[in-house]
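Data first, discussion second: the structure below is written as structure tokens.
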Amino acid sequence: MQKGLEKLVNLDSGKITFKDSQIDYMLQNIGNLDPHLRDDVVYTLFARGFLESSLISEQKAKIVTSFINSKSLFKGIEQPENDLVFLRTFSALLGSLILEDDKKYSILDTTERNTIFNWSI
């Protein structure tokens, strides 16, 4: 799966399309300890997907639902220093992409929007 996603990263703007299995993989690896996979592949593709409007509405809904249900912004936050900091950090970055897209296209319902804003506070 990673090799296929790496190929997407190299596509020109506006040429990316995602399969649901790729979205699932990206969600599972948002906080991966491998910096190349996490930074250069997963986060880059989430950013491009939202910013280039490459995600269809069902995929955006899946990402939002996963983001909210996983509560990954808070995973291990009260534990001593650990690797979950990457999951929390990159989840926060994903949250900012979601909110930016919501500003443009109103993809969130009121409850989702309020949840994400309350979490950011």
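Just so it is clear, the model here is predicted, and its values are computed rather than measured. Atom set for the values below is all heavy atoms of this structure, side chains included, hydrogens, waters and symmetry mates excluded.
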| message | Would you say that more than 12 heavy atoms from the other residues, nucleotides or ligands in this model lie under 6.0 Å from the CZ of Phe74, or not? | response | yes
| field | Side-chain donor/acceptor of Arg113 to backbone N/O of Leu108, under 3.5 Å | value | yes
| said: Has Asp34 got a side-chain atom pairing as donor or acceptor with Asn32's backbone, closer than 3.5 angstrom? | reply: no
| Phe90 vs Tyr43 aromatic rings, parallel, tilted or perpendicular, using cut-offs 30° and 60°? | perpendicular
| Under 6.0 Å from the NZ atom of Lys3, do we count more than 12 heavy atoms belonging to anything else shown? | no
| field | Electrostatic pair Lys62-Asp24, nearest N-O below 4.0 angstrom | value | yes
| said: Is it the case that the side chain of Thr44 and the backbone of Asp39 share a donor-acceptor pair, with hydrogens and angles ignored and the cut-off at 3.5 Å? | reply: yes
| Any donor-acceptor pair under 3.5 Å linking the side chain of Gln59 with the backbone of Ile23? | no
| Donor-acceptor pair, side chain of Ser91 and main chain of Arg88, under 3.5 angstrom | no
| message | Tell me whether Glu52 contacts the main-chain N or O of Ser13 through its side chain, where contact means a donor paired with an acceptor under 3.5 Å. | response | no
| Between Asp109 and Glu112, is there a donor-acceptor pair closer than 3.5 Å when you use the side chain of the first and the backbone of the second? | yes
| Donor-acceptor contact present, side-chain Asn118 to main-chain Asn114, <3.5 Å | yes
| said: Between Ser106 (side chain only) and Asp102 (backbone N and O only), is there a donor and an acceptor less than 3.5 Å apart? | reply: no
| task | For a side-chain contact (heavy atoms from CB on, under 4.5 Å) with Ile30, tell me which candidate from Thr89, Leu93, Val42, Ile63 qualifies. | result | Val42
